[in-house]
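All remarks here apply to the structure that follows.
By convention in this document, chain letters (A, B, ...) are assigned in the order of the sequence lines, proteins followed by strands, and residues within each chain are numbered from 1.
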Amino acid sequence: MESFLLFCNVVLMALAVVLTVVDERRKRGAPRASPFRINEAMVARESKHRGAPPPLYTRRKGRK
Amino acid sequence: MRDLVLALFWVVAIPLAFINPAAGIVIWVWDALLSPTELAYSFMQSVETNKLIAIATLISFAIAQNKDKIFFDRTIAIMVGIVLVATASYMFALVPSDMSDQLYMKLLKEMVLAFAIMFLITTKEWLYLIILAVTVALGFLGVKEGLIALLTAGGHHVVGSRAVGDNNQLAAALISAIPFMYALWRCTASRTIRMGLLGAIFLTTVTVIMTYSRGGFVGLIVLALLFLKGSRHRFLTLILLGIAGAALLNFAPEAWFSRVDTIQDASSDTSFMGRVIAWKISYLIAADNPLLGGGLHAVQLQPVWTHYARDLRQLDFIYTPPADLTPHAAHSLYFEVLGDLGFTGLLLYLGLFWAALANCKAARKAAIKSRSMPWMIDFSDAVRTSLICYAVTGAALSVGYYELLFVLVAISVCCRRVALSTMPEPEVVPVATSAKGKRVPQMARLGVARQNSRQNFGVGSTRF
């Protein structure tokens with residue numbers, strides 16, 4: 001069991017690092033190869049601290 | 001077979017470190033915390049992989065063309081202070097020894113590792129990877145020992161590993177890794193990895209319990225309280241913790257309850273009283289040498305122990321039995337540093353905790369303000385929780401020079417740096433100016449707008 005876990009550990013680290021290096025070299029906007037990354041959409045959905053910051057002051061109704 | 005797999009990994013990893021120094025530092029951290037070569041059976045045991053990856057990473061950083069500027073902040077200043085005090089303490093030690101030579105070199109290497117993390121991890125992708133490296137390295141031990149504990153129905157007693165130390169130190173390390181697992185579970189894109197992390201959290205918790213460490217038990221309670229405090233769904237979290245507590249009461253072995261019960265009878269527990277004696281002797285060393293202490297691991301040296309054991313009656317206001325002849329380790333991060341590096345060293349260590357927590361707070365504040373990186377809130381909370389748990393469990397363990405502490409501090413610096421660099425530029429609001437070019441105050445602007453609206457509707461007009 002220890003050998004199997006060590007093998008998974010080594011493969012996981014190798015994949016994580018290699019795919020992140022590959023992603024870094026890709027152009028901006030290209031689809032990411034690595035599953036070892038932050039899912040920003042998912043985190044933003046679950047967070048209350050998301051979206052555009054509130055405006056400096058709110059307009060009153062009826063005013064242009 | 002293990003040796004072949006490890007050899008193949010290093011054949012890929014070392015050139016990768018030359019290509020990208022951030023990749024090198026991630027592998028370096030993983031290797032430092034796990035020491036996979038110690039798990040090898042034959043030729044890989046003699047290969048100094050940590051040295052190789054360190055050299056490759058540092059060379060790659062030195063020759064990198066697009067490296068970010070080396071910066072200097074309060075955390076780095078405190079760490080440099082610790083190095084200087086440790087160097088002076090080592091040079092003017094009460095009793096030189098081979099043990100202090102090895103510890104000094106270990107401390108220097110850990111500091112180099114920490115500085116390298118701070119300078120090389122500058123983007124969110126690599127910040128994620130470094131947290132993953134800590135999780136995977138420590139999670140290996142947590143998952144392995146947890147599985148064995150479950151398969152033996154609680155009959156397995158976790159004794160620690162050569163990489164981390166004894167069962168108490170392993171418990172402290174694993175408790176510090178659990179918040180990272182949770183933060184990664186919340187942020188990771190892949191569902192498979194998230195399920196794996198959830199399983200790792202459960203098995204690591206089982207492992208901490210099976211270390212039979214009293215410090216680990218206290219650390220788990222602190223972790224649960226911090227988790228409850230930071231949770232958005234406190235009622236649900238309370239229910240989950242209640243279920244976990246009930247499962248522990250029902251399934252933990254009898255020997256574990258006997259071990260934990262000894263916390264209440266500390267004064268009659270010879271192991272605990274031995275630690276109090278070590279704490280007293282560490283204090284006496286520091287009182288005699290307030291600036292630099294007695295040297296690295298001074299309390300564990302026979303001549304130092306014998307000399308200060310005679311003066312134990314100076315601290316009779318805390319009762320302890322007479323000291324025995326065999327030196328003991330300080331069994332406390334704080335007393336260990338106090339005895340080794342004096343009051344100066346202790347103040348610097350406390351300052352290091354303070355600076356790291358302040359970094360986490362700054363990163364969290366920047367993430368909340370910008371609203372564009374909610375994942376940074378999870379990361380900074382995880383680092384903060386790990387540091388607090390390390391500080392609490394370290395009160396009863398000799399973990400003052402364990403690399404995880406400096407890795408956590410370095411990651412806190414990276415969090416702050418990434419958060420501040422990712423914050424969008426504040427939008428410049430155009431300021432109204434009068435005909436003379438003077439700035440019109442906001443209230444005056446509103447007054448002008450109100451006047452305009454009166455003109456539009458007509459004050460006293462038939463509209464109303």
Side-chain angles (χ1 to χ4, degrees), chain A, chain B residues 1-2 5-6 8-9 12-13 16 19-20 22-24 26-27 30 34 36 39 123-129 132-133 136-137 139-140 143-144 147-148 151 184 186-194 196 232 367-375 377-379 424 427 429 442 446 449 453 456:
Chain A
M1 183 170 67
E2 191 182 67
S3 297
F4 174 71
L5 287 173
L6 183 62
F7 176 76
C8 292
N9 202 296
V10 167
V11 167
L12 201 139
M13 270 318 298
L15 273 177
V17 175
V18 166
L19 291 175
T20 305
V21 170
V22 164
D23 277 344
E24 209 174 51
R25 285 170 175 256
R26 284 188 176 190
K27 287 186 185 169
R28 231 188 207 322
R32 300 287 155 191
S34 173
F36 302 99
R37 57 186 164 80
I38 300 165
N39 186 340
E40 300 205 42
M42 180 187 76
V43 180
R45 264 198 313 274
E46 293 168 10
S47 171
K48 63 178 181 179
H49 301 290
R50 61 181 184 272
L56 285 173
Y57 50 87
T58 24
R59 252 175 224 293
R60 286 186 219 171
K61 261 189 180 177
R63 285 187 181 275
K64 288 186 186 174
Chain B
M1 184 67 185
R2 276 193 200 186
V5 169
L6 286 172
L8 196 59
F9 173 80
V12 171
L16 208 52
I19 293 169
N20 192 324
V26 166
I27 298 167
W30 172 79
L34 179 59
L39 300 167
T123 63
K124 71 174 188 245
E125 289 82 15
W126 289 112
L127 181 62
Y128 177 92
L129 257 283
L132 183 72
V136 167
F140 168 78
V143 168
K144 183 191 86 166
L147 278 173
I148 297 173
L151 289 171
L184 290 176
R186 280 180 60 85
C187 297
T188 302
S190 163
R191 183 175 267 192
T192 314
I193 296 169
R194 293 180 75 203
R232 284 179 64 191
I368 290 172
K369 198 172 176 184
S370 77
R371 291 179 169 257
S372 59
M373 42 179 169
W375 45 270
I377 299 172
D378 293 316
F379 283 178
E427 192 184 327
V429 178
Q442 186 175 350
L446 288 174
S453 75
N456 286 338

Straight-line distance of [X] [atom1] to [Y] [atom2], nearest 0.5 Å:
{"X": "A:Met1", "Y": "B:Leu147", "atom1": "CE", "atom2": "CG", "answer": "5.0 Å"}
{"X": "B:Tyr128", "Y": "A:Ile38", "atom1": "OH", "atom2": "CD1", "answer": "7.5 Å"}
{"X": "B:Leu39", "Y": "A:Leu6", "atom1": "CG", "atom2": "CG", "answer": "5.5 Å"}
{"X": "B:Ile19", "Y": "A:Arg25", "atom1": "CD1", "atom2": "CZ", "answer": "6.0 Å"}
{"X": "B:Glu125", "Y": "A:Phe36", "atom1": "CD", "atom2": "CZ", "answer": "14.5 Å"}

Review point. With only heavy atoms counted, which part of A:Val11 is less than 4.5 Å from chain B, the side chain, the backbone, both or neither?
Key: neither

Exercise for review: Please look at A:Leu12 and chain B and tell me whether the side chain, the backbone, both or neither of the residue comes under 4.5 angstrom of a heavy atom of that chain.
Suggested key: side chain

Please flag which part of [X] lies under 4.5 Å from any non-hydrogen atom of chain A: side chain, backbone, both or neither.
{"X": "B:Ala13", "value": "neither"}
{"X": "B:Phe140", "value": "both"}
{"X": "B:Leu184", "value": "neither"}
{"X": "B:Arg191", "value": "neither"}
{"X": "B:Leu6", "value": "side chain"}

Review point. Considering only heavy atoms from C-beta outward, does the side chain of B:Arg2 approach that of A:Phe7 to under 4.5 Å?
Key: no

Review point. So, do B:Lys144 and A:Phe4 sit near enough that their side-chain heavy atoms are less than 4.5 Å apart?
Key: no

Exercise for review: Identify the heavy atoms of B:Ala189 and A:Asn39 that sit nearest to each other, and give their distance.
Suggested key: CA-CB, 3.5 Å

Check your understanding: Between A:Ala16 and B:Leu132, which heavy-atom pair has the shortest distance, and what is it?
Key -> CB-CD2, 3.7 Å

Check your understanding: With chain A, which of B:Leu8, B:Val136, B:Val5 has the greatest number of heavy-atom pairs at distances under 4.5 Å?
Key -> B:Val136

**Study point:** Winner by heavy-atom pair count (cut-off under 4.5 Å) against chain A, out of B:Asn20, B:Val26, B:Val12, B:Thr123
**Key:** B:Asn20

Check your understanding: How far apart are the C-alpha atoms of A:Leu5 and B:Val143, what are their side-chain angles, what is the distance that settles it, and do they pass the side chain to side chain contact (heavy atoms under 4.5 Å, CB included) test?
Key -> CA-CA 8 Å; A:Leu5 287 173; B:Val143 168; 4.1 Å; yes

Practice item. Using distance alone, with no hydrogens and no angle criterion, decide if A:Asn9 and B:Trp30 have a side-chain donor and acceptor under 3.5 Å apart. Key: yes

Check your understanding: Is there a side chain to side chain contact (heavy atoms under 4.5 Å, CB included) between B:Lys124 and A:Arg37 once you walk through the steps?
Key -> CA-CA 9 Å; B:Lys124 71 174 188 245; A:Arg37 57 186 164 80; over 6 Å; no

